[in-house]
Student: 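Have a look at the structure that comes next, please.
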Amino acid sequence: MSADYVIPAPPQAAIAVAGSSKVFPVRRIWCVGRNYVEHIREMGQDERLPPFYFAKFPDEVVGDGGTVPYPSLTKDLHQEVELVVCLKSGGRNIPVEKANDCIFGYAVGIDLTRRDLQIASRKLERPWEVGKNFDHSAPCGPIKPASEIGHPKEARITLSCNGKVRQDGNINQMIWNVPEIIADLSKMVELTAGDIIMTGTPAGVGALAPGDKLECSVEGVGSLTVTIGQPLK
């Protein structure tokens with residue numbers, strides 16, 4: 001029996017599954033901070049600190065080929081290409097050796113960041129939401145099921161802006177690998193089917209402007225193309 005909501009229920013955020021008409025329903029988006037040494041260095045942070053987590057809202061997902069309006073309040077929008085892990089199951093205190101059993105598949109995504117607002121919040125020791133969690137801030141390409149591609153441990157990850165390469169790394173450069181991330185995050189929250197995890201970005205982040213075209217890929221996983229549009233009025 002369907003619920004009798006007092007207002008229309010919001011639409012379910014979803015990501016396309018490559019080679020299929022089916023889609024993956026997104027429940028929550030978890031993001032890993034400081035998970036590539038060179039990115040930690042370019043941001044002037046202490047590389048000895050462990051990664052940490054923040055969240056984005058599911059309705060911030062933008063599909064392949066989409067347009068991201070340049071967000072409000074910022075003059076310094078940055079791109080961060082990431083391997084995205086999509087869960088088909090979860091739990092609490094998941095052992096590292098069982099973590100891959102929870103994975104439905106993988107995709108390539110972009111953690112868009114209002115860098116000036118993020119840095120201002122950090123200086124004031126405030127949460128990062130205003131810099132990280134905003135409309136259209138989580139573009140994500142189609143998901144490749146793990147049943148087809150396995151669990152990649154080494155793969156080139158790249159992002160180009162207007163045809164010029166900005167980020168070029170390898171997922172084997174992650175400080176914490178995917179099973180370790182899942183195991184650690186499950187100590188903090190109960191992970192469930194529909195959760196996705198953005199696993200951090202390599203070096204090369206930079207400012208974006210309206211009209212910029214971003215093309216990114218993770219070798220063996222997939223690609224994603226989005227365009228930065230004009231600000232919404």
Side-chain angles (χ1 to χ4, degrees), residues 29-47 49 51-57 59-84 107-141 156-171 173-175 198-218 222-233:
I29 302 174
W30 299 104
C31 304
V32 184
R34 293 197 292 251
N35 202 24
Y36 285 77
V37 170
E38 292 301 323
H39 176 56
I40 295 172
R41 290 173 179 168
E42 75 177 346
M43 296 303 296
Q45 299 297 300
D46 186 346
E47 63 192 66
L49 295 175
F52 64 96
Y53 308 97
F54 57 92
K56 290 177 179 277
F57 297 138
D59 61 2
E60 292 164 5
V61 168
V62 177
D64 184 36
T67 297
V68 175
Y70 195 93
S72 62
L73 303 179
T74 186
K75 295 181 180 179
D76 195 22
L77 178 68
H78 280 207
Q79 95 289 324
E80 299 184 5
V81 64
E82 314 210 359
L83 175 70
V84 180
V108 55
I110 305 173
D111 170 17
L112 289 170
T113 302
R114 296 191 282 201
R115 189 72 72 200
D116 45 359
L117 301 186
Q118 179 200 21
I119 291 173
S121 296
R122 189 170 68 202
K123 289 180 178 178
L124 294 171
E125 297 184 345
R126 292 177 178 173
W128 282 12
E129 271 83 357
V130 69
K132 288 286 192 178
N133 200 353
F134 55 92
D135 295 340
H136 316 289
S137 65
C140 190
R156 187 182 182 194
I157 179 170
T158 63
L159 180 142
S160 297
C161 180
N162 302 325
K164 184 177 180 179
V165 176
R166 284 192 176 182
Q167 294 184 266
D168 190 349
N170 196 296
I171 64 171
Q173 298 166 337
M174 287 194 288
I175 298 169
M198 304 183 81
T199 57
T201 194
V205 302
L208 300 170
D212 283 347
K213 183 178 181 180
L214 304 180
E215 298 172 290
C216 48
S217 67
V218 175
S223 61
L224 169 66
T225 299
V226 295
T227 300
I228 305 301
Q230 295 298 318
L232 294 176
K233 297 184 178 181

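Computed from heavy atoms alone, side chains included, the values below leave out hydrogens, waters and symmetry copies.
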Student: If only side-chain N and O atoms count, and only distance matters, is there a donor-acceptor pair under 3.5 Å linking Q167 with Q79?
Tutor: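 The criterion, which ignores hydrogens and geometry beyond distance, is satisfied for Q167 and Q79.
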Student: Would you kindly say whether D168 and T158 are connected by a side-chain donor-acceptor distance under 3.5 Å?
Tutor: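 No donor-acceptor contact under 3.5 Å links the two side chains.
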Student: Without swapping roles, check the side chain of D212 against the backbone of C161 for a donor-acceptor pair under 3.5 Å.
Tutor: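 Side chain of D212 to backbone of C161, a donor-acceptor pair under 3.5 Å: no, none is there.
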Student: Between L117 and G131, what is the shortest heavy-atom contact and its length?
Tutor: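 Minimum heavy-atom contact is CB-CA, 4.2 Å.
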Student: What pair of heavy atoms forms the shortest contact from D76 to A207, and how long is it?
Tutor: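 The pair with the smallest heavy-atom distance is OD1-CB, 3.6 Å.
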Student: Taking the side chain from E82 and the backbone from G200, do they hold a donor-acceptor pair closer than 3.5 Å?
Tutor: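 Here the side-chain-to-backbone pair exists.
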Student: Would you call K132-E80 a salt bridge at under 4.0 Å N-O?
Tutor: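 Salt bridge: yes.
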Student: Which pair of non-hydrogen atoms, one from V32 and one from F54, has the smallest distance, and what is that distance?
Tutor: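 Shortest heavy-atom separation between V32 and F54 comes out as C-CE2, 4.4 Å.
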Student: Specify the closest pair of heavy atoms between V81 and P202, including all atoms of both residues, with the distance to one decimal.
Tutor: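 Where V81 meets P202 most closely, the heavy atoms are O-CD, 3.6 Å.
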Student: Around Y53, counting heavy atoms of other residues, nucleotides and ligands shown, do more than 12 lie under 6.0 Å from its OH?
Tutor: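 Atom OH in Y53 is packed in, count exceeds 12.
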Student: Any side-chain donor-acceptor pair under 3.5 Å between S137 and K56?
Tutor: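 A donor-acceptor contact under 3.5 Å links the two side chains.
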Student: Any idea which heavy atoms bring L83 and T199 closest together, and the distance?
Tutor: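 That would be O-OG1, 2.7 Å.
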Student: Would you say T113's side chain and H78's backbone share a donor-acceptor pair under 3.5 angstrom?
Tutor: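 Not confirmed, T113 side chain does not pair with H78 backbone.
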Student: Using a 4.5 Å cut-off on heavy atoms from C-beta on, say whether the side chain of W128 contacts that of R122.
Tutor: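 They are in side-chain contact.
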Student: Is the cationic atom of R114 (NZ for Lys, CZ for Arg) positioned less than 6.0 Å from the six-membered ring centroid of F134 and within 45 degrees of its normal?
Tutor: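 Yes, a cation-pi geometry holds between R114 and F134.
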Student: Measure the spacing between CD of Q118 and OG1 of T74 and express it to the nearest 0.5 Å.
Tutor: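 Q118 CD to T74 OG1: 10.5 Å, rounded to 0.5 Å.
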Student: Does either side chain, that of K213 or that of T227, offer a donor lying less than 3.5 Å from an acceptor on the other one?
Tutor: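 Looking only at side-chain atoms, T227 and K213 do not form any donor-acceptor pair under 3.5 Å.
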Student: Show your reasoning for whether side chain to side chain contact (heavy atoms under 4.5 Å, CB included) applies to F57 and I29.
Tutor: CA-CA 6 Å; F57 297 138; I29 302 174; over 6 Å; no
Student: Do P71 and D135 touch side chain to side chain, with heavy atoms closer than 4.5 Å?
Tutor: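 No, their side chains stay 4.5 Å or more apart.
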Student: Between N170 (side chain only) and I157 (backbone N and O only), is there a donor and an acceptor less than 3.5 Å apart?
Tutor: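 No, N170 side chain to I157 backbone: no donor-acceptor pair under 3.5 Å.
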Student: Can you name the nearest heavy-atom pair linking P127 to S121, along with the distance?
Tutor: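 Looking at all heavy atoms of both residues, the shortest contact is O-CB, 3.4 Å.
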